[in-house]
Amino acid sequence: MTAANEQLWQTLQQANCVNLDMPVPKEPLMPPWYLTLLEGGAAWIAAVLLLGFVGSFMRLIVTENIGLGVLIIGSVFVLTGLFFDRQSTRQQVFMSQLALVLGLCGLLCLSWGLWEELGHHNWVAWFISLGVLLSIHSLFIHNRLSVLLNGIGIGGCITGVLYQWQWMNLLPLIMLVLAIILCLSIERVGVYYGRICYLAYGLVCWTLMTQGLLILGTSQVDFFNNSIRELSVWAWLLPWLVSVLASVMVVGYIFNQKRASLRTPAGYAAMTGVLFIGFLAIPLSGLSCAVLFLLLGLQLHNRVFTSLALVSIPLFICAYYYSLTVSLLEKSLLLMALGVVLLLARWGVNYWLSQPNSLTSQEVL
């Protein structure tokens with residue numbers, strides 16, 4: 001057992017939540033990685049063969065209303081995947097992977113069936129029904145990868161609805177607000193903590209992707225539709241303003257969480273750095289959102305949010321640098337100013353940590 005688990009067990013004993021005479025539970029014996037890989041691969045092969053068999057059988061039976069037949073297949077696969085997911089444990093890799101594949105195949109079949117029934121007539125109804133279906137599936141499935149993919153799918157459904165309503169200018173703002181609300185609600189969901197975490201990961205990925213669309217959409221590369229490439233100034237100005245204000249609030253909450261005052265050199269430097277980076281991020285769409293999720297990762301002690309932000313920041317900078325709508329001189333000045341801010345931040349952190357009465361590096365992080 002790791003030191004963190006031993007400390008947790010001692011805390012539970014002190015709080016009289018467990019029997020004091022009960023020995024410390026041992027971690028289950030996990031199989032070697034190559035056996036886990038073989039079991040997972042066998043589950044994927046078995047699920048694909050089962051899907052092909054059922055699809056071929058339904059192809060022979062259903063000749064007229066194919067949408068209804070696909071909906072029946074999808075429902076059976078989703079329910080079967082949920083059953084296997086409930087029966088699987090941490091050691092049963094075959095069962096968990098089989099449940100994952102069956103659930104994904106069932107959702108694809110349901111989306112196909114809904115498209116046959118609704119997509120030809122009403123795209124908005126298809127996107128809304130698919131988003132509701134993915135949300136309901138996320139509440140019952142235990143597999144975290146499936147919940148992550150559902151979160152990305154929900155973001156795609158929201159994008160589709162806004163595209164049909166011709167509200168693409170509001171897409172970055174709506175996705176950012178939803179991601180912030182979900183991230184701040186993680187610690188208040190109780191037993192749904194794991195599901196909401198991975199659902200938030202999916203929405204954060206889609207939010208950062210929409211911020212990247214603002215950079216690519218304003219370039220001269222014809223990757224997207226005209227309605228995406230001709231976004232108004234509010235498409236990036238409103239998300240920038242929301243992300244900067246939220247970053248300032250998160251910095252204040254982090255200092256309050258560490259019982260440190262903002263009226264200190266470290267507090268003034270943190271606020272100044274966030275505001276200055278936000279000012280530099282006005283032409284560089286996505287940087288302020290990435291900084292916000294980086295701060296949220298530090299506040300929630302979540303490495304996934306921090307990793308997503310750290311990976312997206314250089315991608316946004318590279319996309320802006322190779323954009324064809326801004327001169328090379330403007331890009332160089334902006335990136336040079338951003339580098340100066342980061343160097344000053346590094347010097348400030350090293351200076352304050354070297355003081356005898358300063359916070360430790362672990363407390364700062």
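These values consider heavy atoms only, across backbone and side chains, with no hydrogens, waters or symmetry-generated copies. What you see is a predicted model, and the numbers here were worked out from it, not measured in a lab.
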Practice task
Give the intermediate values and the outcome of side chain to side chain contact (heavy atoms under 4.5 Å, CB included) for residues Met209 and Trp206.
Solution key: CA-CA 5 Å; Met209 191 183 304; Trp206 194 264; 4.0 Å; yes
Exercise for the section: Could you tell me which non-hydrogen atom of Ala290 sits nearest to which non-hydrogen atom of Ala309, and how far apart they are? Expected result: O-CB, 3.2 Å
Practice task
Evaluate side chain to side chain contact (heavy atoms under 4.5 Å, CB included) for Leu296 paired with Val204, printing each intermediate quantity in order.
Solution key: CA-CA 11 Å; Leu296 284 174; Val204 167; over 6 Å; no
Problem - Main-chain N/O of His301 paired to Arg303 side chain as donor or acceptor, under 3.5 Å - result: no
Problem - Any donor-acceptor N or O pair under 3.5 Å, side chains Trp126, Ser111 - result: no
Exercise for the section: Heavy atoms only: give me the nearest Asp85-Asn143 pair and the separation to one decimal. Expected result: OD1-N, 3.3 Å
Practice task
Could you pull out the closest heavy-atom pair between Ser129 and Leu114, with the gap in Å?
Solution key: OG-CD1, 3.8 Å
Exercise for the section: Heavy atoms only: give me the nearest Pro239-Leu173 pair and the separation to one decimal. Expected result: CG-N, 3.6 Å
Practice task
Mark yes or no for whether Trp240, through its side chain, and Ser288, through its backbone, hold a donor-acceptor pair below 3.5 Å.
Solution key: no
Problem - Side chains of Thr207 and Cys289 in contact at under 4.5 Å (non-hydrogen atoms) - result: no
Problem - Atom pair CG (Leu171) and OG1 (Thr210), whose distance is rounded to the nearest 0.5 Å - result: 5.5 Å
Exercise for the section: Decide yes or no on side chain to side chain contact (heavy atoms under 4.5 Å, CB included) for Ser146 and His137, but give the supporting numbers first. Expected result: CA-CA 9 Å; Ser146 180; His137 185 260; 3.4 Å; yes
Practice task
Might you point out which heavy atoms bring Val274 and Ser247 nearest each other, and give the distance in Å?
Solution key: CG1-CB, 3.6 Å
Fill in the blank from the handout: All heavy atoms of Ile186 vs all of Ala200, minimum pair found to be CD1-CB, 4.2 Å
Problem - Flag, side chain of Arg195 to backbone of His142, donor-acceptor distance under 3.5 Å - result: no
Fill in the blank from the handout: The reported gap from CG in Asn150 to OG in Ser135 (rounded to nearest 0.5 angstrom) is 8.0 Å
Exercise for the section: Decide yes or no for Leu176 and Leu238: does some side-chain heavy atom of the first lie under 4.5 Å from some side-chain heavy atom of the second? Expected result: no
Completion exercise
d(Leu149 CG, Ser138 OG) to nearest 0.5 Å is 9.5 Å
Exercise for the section: List, by chain and number, the other hydrophobic cluster members for Leu310, where Ile, Leu, Val, Met, Phe, Trp and Tyr join if side-chain heavy atoms come within less than 4.5 Å, directly or indirectly. Expected result: Leu294
Handout entry: Common cluster, Ile154/Trp165, ILVMFWY with side-chain heavy-atom separation under 4.5 Å
Key = yes
Practice task
Could you check if a side-chain atom of Phe293 sits within less than 4.5 angstrom of a side-chain atom of Leu308, using non-hydrogen atoms only?
Solution key: no
Problem - Hydrophobic cluster identity match, Tyr253 and Leu275, side-chain contacts under 4.5 Å - result: no
Exercise for the section: Report yes if the side chains of Trp115 and Trp123 come closer than 4.5 Å at any heavy-atom pair, otherwise no. Expected result: yes
Handout entry: Worked check of side chain to side chain contact (heavy atoms under 4.5 Å, CB included) between Leu110 and Leu130
Key = CA-CA 8 Å; Leu110 287 176; Leu130 182 59; 6.0 Å; no
Exercise for the section: Could you tell me the separation between the CE atom of Met249 and the CG atom of Asn256, rounded to the nearest 0.5 Å? Expected result: 12.0 Å
Handout entry: Side-chain touch Leu178/Ile158, heavy atoms, less than 4.5 angstrom
Key = yes
Practice task
Examine Val70 and Leu108 and state if one hydrophobic cluster contains both, with Ile, Leu, Val, Met, Phe, Trp and Tyr joined whenever side-chain heavy atoms are less than 4.5 Å apart.
Solution key: no
Fill in the blank from the handout: Interatomic distance, CG@Leu162 vs CD1@Ile174, rounded to 0.5 Å, equals 4.5 Å
Problem - 4.5 Å side-chain heavy-atom contact, Leu148 and Leu145 - result: yes
Handout entry: Side chains of Val244 and Leu292 in contact at under 4.5 Å (non-hydrogen atoms)
Key = no
Practice task
To the nearest 0.5 angstrom, please state how far the CZ atom of Phe84 sits from the CG atom of Leu79.
Solution key: 12.0 Å
Handout entry: Leu100 side chain near Ile141 side chain, heavy-atom distance below 4.5 Å
Key = no
Problem - Asn302 and Tyr201: side chain donor to acceptor below 3.5 Å - result: yes
Problem - Joint hydrophobic cluster, Ile180 plus Leu245, side-chain heavy atoms closer than 4.5 Å - result: yes
Exercise for the section: Can you sort out the partners of Met271 under side-chain contact (heavy atoms from CB on, under 4.5 Å), two or more places apart, ordered by chain and number? Expected result: Val248, Val251, Leu262
Handout entry: Transitive ILVMFWY side-chain link Phe77 to Phe83, under 4.5 Å
Key = yes
